[in-house]
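Remember, it's a predicted structure, so these values are computed and weren't measured experimentally. First listed ligand is number 1; within each ligand, the first listed atom is number 1.
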Amino acid sequence: MTELKKNFAVIGNPIHHSLSPQIHRAFAKETGLHIEYEAILSPLDEFKNTIHQLIAQKLSGANVTLPFKKEAYELASQHSNHAKIAEAANTLEFKDDQIIGHNTDGIGLVRDLEQNLNIYLKSKKILLIGAGGAAEGVIYSMLEKKPSELILTNRTIEKSNVIQNKMDVHAKSFDVNLNVIEIAKCPHQYFDVIINATSAGLNNTELGIDHKVFHEGSLAYEMVYGKETSYIREAKSQGSKTSDGLGMLVEQAAEAFFIWHHIKPQTKSVIESLKAF
Ligand code: NAP
């Protein structure tokens with residue numbers, strides 16, 4: 001009997017830049033699965049209709065990217081723990097008339113740091129810059145690894161305070177100090193890992209953090225990928241190790257692939273081929 005191809009998609013606006021089709025097709029090839037995976041542009045005010053049309057066309061699952069992760073969470077009738085805590089979903093499963101929302105961004109970041117870059121978060125002091133969906137989506141996964149301290153900062157500091165209030169109960173449960181400092185005060189402390197979860201690099205704007213925050217021996221991680229941002233350039237100039245967010249992208253996709261197909265794909269060769277691409 002011929003195996004029926006299952007259909008998947010990534011939905012966003014804009015979407016032309018998305019590497020998700022390439023990544024999922026590579027995983028499918030490597031694991032011997034027959035799937036279709038397309039990028040779909042949803043009009044900004046039509047996300048719900050887009051999803052329902054795709055379900056009617058027998059889509060089995062979808063990745064969701066900017067700016068629809070909150071809407072995806074709201075549309076889902078069941079949620080994974082990570083999606084519930086972030087109140088955002090980047091992976092949807094369509095099963096038995098139910099929409100199940102997951103969030104794999106945090107798992108993707110932590111796997112990239114620990115498994116690909118060999119930076120283990122336990123007992124480390126971490127600075128997380130940014131207070132948008134990406135920052136909020138990764139905090140719980142980092143807390144699970146029990147760093148000694150996780151410090152939040154953002155251009156609009158009130159947003160960091162809101163996240164800190166919301167996440168403090170989880171930080172306490174993992175015995176992690178979760179604090180907020182103003183961006184200007186960051187260079188007065190030493191951080192083992194500094195994560196840029198802002199879109200400053202994407203828009204070629206300056207982040208406004210003093211280069212003195214970077215040190216030899218620390219890691220500066222930039223969630224934006226595919227270009228050398230000024231954040232990465234400044235970190236390098238201070239002797240820090242650096243990484244862009246390509247590994248996170250591939251690892252969050254691998255976790256979505258596992259949710260849909262119950263198979264863990266290899267990620268290293270996909271990261272390498274995308275770097276060369
Ligand atoms: P978002 O919700 O729009 O949040 C944007 C954040 O960037 C806010 O904290 C904002 O600060 C800050 N920001 C923007 N321009 C800035 C500037 N010039 N200086 C200082 N701060 C600035 O976006 P998001 O969903 O969190 O995504 C953030 C970035 O992460 C995007 O570039 C996205 O591509 C990337 N990302 C990567 C992956 C991956 O797999 N590698 C996954 C998810 C996201 P204010 O609050 O002050 O406006």
Side-chain angles (χ1 to χ4, degrees), residues 10-24 44 63-73 82-83 86-91 102-113 115-117 127-142 151-164 180-184 186 194-211 213 220-232 234 242-257 267 270-271 274-275:
V10 58
I11 299 145
N13 186 331
I15 201 64
H16 62 274
H17 64 287
S18 176
L19 295 173
S20 293
Q22 229 172 306
I23 296 170
H24 280 270
L44 289 174
N63 287 128
V64 179
T65 187
L66 280 175
F68 299 125
K69 291 183 188 180
K70 288 269 175 211
E71 274 186 80
Y73 171 80
H82 284 96
E87 294 178 27
N90 73 340
T91 302
H102 301 262
N103 195 318
T104 67
D105 278 339
I107 294 165
L109 171 69
V110 167
R111 284 208 189 129
D112 192 35
L113 289 168
Q115 294 176 15
N116 300 330
L117 302 168
L127 176 66
L128 179 65
I129 313 166
E136 196 168 352
V138 299
I139 291 176
Y140 188 76
S141 296
M142 289 199 286
I151 309 272
L152 310 178
T153 193
N154 190 45
R155 178 176 61 182
T156 314
I157 202 71
E158 296 76 16
K159 289 193 202 169
S160 299
N161 288 324
V162 170
I163 296 179
Q164 197 257 354
V180 173
I181 56 173
E182 280 170 32
I183 213 159
C186 294
I194 305 167
I195 298 167
N196 183 10
T198 76
S199 51
L202 197 68
N203 309 322
N204 294 322
T205 50
E206 289 298 322
L207 184 54
I209 195 157
D210 194 289
H211 66 265
V213 75
Y221 192 94
E222 163 71 277
M223 281 199 194
V224 169
Y225 49 84
K227 59 166 156 182
E228 190 174 71
T229 61
S230 61
Y231 170 83
I232 290 279
E234 288 197 6
T242 61
S243 175
D244 74 0
L246 185 66
M248 172 180 172
L249 179 79
V250 174
E251 296 294 346
Q252 65 75 28
E255 183 64 14
F257 193 88
T267 50
V270 179
I271 295 171
L274 287 173
K275 267 187 200 156

Would you say that M142 contacts V110 through its side chain, given a criterion of any heavy-atom pair below 4.5 Å between the two side chains? yes
Measure the shortest side-chain to side-chain distance between E234 and L207 over non-hydrogen atoms and say whether it is less than 4.5 angstrom. no
If you define the side chain from C-beta out and look only at heavy atoms, does anything of Y231 sit under 4.5 Å from I194? yes
Would you call the rings of Y140 and H82 parallel, tilted or perpendicular, taking 30° and 60° as the class edges? perpendicular
Could you check whether any side-chain heavy atom of R155 comes within less than 4.5 Å of a side-chain heavy atom of T198, counting everything from C-beta outward? no
If only atom types and distance count, is the side chain of K227 paired as donor or acceptor with the main-chain N or O of G201 below 3.5 Å? yes
What residues form a side-chain contact (heavy atoms from CB on, under 4.5 Å) with A135, not counting sequence neighbours? L128, A197
Within-cut-off N or O pair, R155 and ligand 1, under 3.5 Å: yes
Counting from 1, what ligand 1 atoms have a heavy atom of V224 closer than 4.0 Å? 32 (O)
Check whether any N or O atom of T205, backbone or side chain, sits under 3.5 Å from an N or O atom of ligand 1, and answer yes or no. yes
Please examine the side chains of V224 and N196, heavy atoms only from C-beta on, and report whether any two atoms are closer than 4.5 Å. no
Answer with side chain, backbone, both or neither: which part of T156 has a heavy atom less than 4.0 angstrom from an atom of ligand 1? both
Would you mind reporting whether I183 and I157 have side-chain heavy atoms less than 4.5 Å apart? no
Heavy-atom side-chain proximity of C186 to D210 below 4.5 angstrom: no
In terms of its nearest heavy atom to atom 27 (O) of ligand 1, the top option of G137, A134, S199 is A134
Of the protein's non-hydrogen atoms, which lies at the shortest distance from atom 28 (C) of ligand 1, and what is that distance? A197 O, 3.4 Å
Is G208 close enough to touch ligand 1? Criterion: a residue heavy atom under 4.0 Å from a ligand atom. no
Interfacing atoms of ligand 1 (cut-off 4.0 Å, heavy-atom, G245): 39 (C), 41 (N)
Quiz question: by atom type and distance under 3.5 Å, do the side chains of D112 and Y221 form a donor-acceptor pair? yes
Any idea which protein heavy atom is nearest atom 1 (P) of ligand 1, and the distance to it? G132 CA, 4.1 Å
Any atoms of ligand 1 less than 4.0 Å from a non-hydrogen atom of L249? List them with their elements. 40 (O)
Return the residue, atom name and 0.1 Å-rounded distance of the protein heavy atom closest to atom 23 (O) of ligand 1. L66 CD2, 4.5 Å
In terms of residue, atom name and distance, what is the protein heavy atom nearest to atom 19 (N) of ligand 1? E206 O, 3.4 Å
Does L202 approach ligand 1 within less than 4.0 angstrom via side chain, backbone, both or neither, non-hydrogen atoms only? side chain
Do V138 and M223 come within less than 4.5 Å of each other through their side chains, counting heavy atoms only? yes
If you have a sec, work out which protein heavy atom is nearest atom 46 (O) of ligand 1 and how many Å separate them, to one decimal? K159 NZ, 2.7 Å
Among all protein non-hydrogen atoms, which one is nearest to atom 38 (C) of ligand 1, and what is the separation to 0.1 Å? M248 CE, 4.0 Å
Any nitrogen or oxygen of Y225, side chain or backbone, less than 3.5 Å from one on ligand 1? no
Which atoms of ligand 1 are found less than 4.0 Å from any heavy atom of G130? 9 (O)
Quick one: does A131 get within less than 4.0 Å of ligand 1, heavy atoms only? yes
Under 4.0 angstrom from atom 33 (C) of ligand 1, is there any protein heavy atom? no
Could you tell me the residue and atom name of the protein heavy atom closest to atom 37 (C) of ligand 1, and the distance to it rounded to 0.1 Å? M223 O, 3.4 Å
Assess E136 for proximity to ligand 1: is some non-hydrogen atom of it under 4.0 Å away? no
Over all atoms of both residues, closest heavy-atom pair of S160 and L152: O-CD1, 3.9 Å
Heteroatom proximity flag, G133 to ligand 1, N/O under 3.5 Å: yes
Under the side-chain hydrogen bond (donor to acceptor under 3.5 Å, both in side chains) test, which residues partner D105, sequence neighbours left out? K69, N90
What is the nearest protein non-hydrogen atom to atom 11 (O) of ligand 1, stated with its residue, atom name and distance? N154 OD1, 3.3 Å
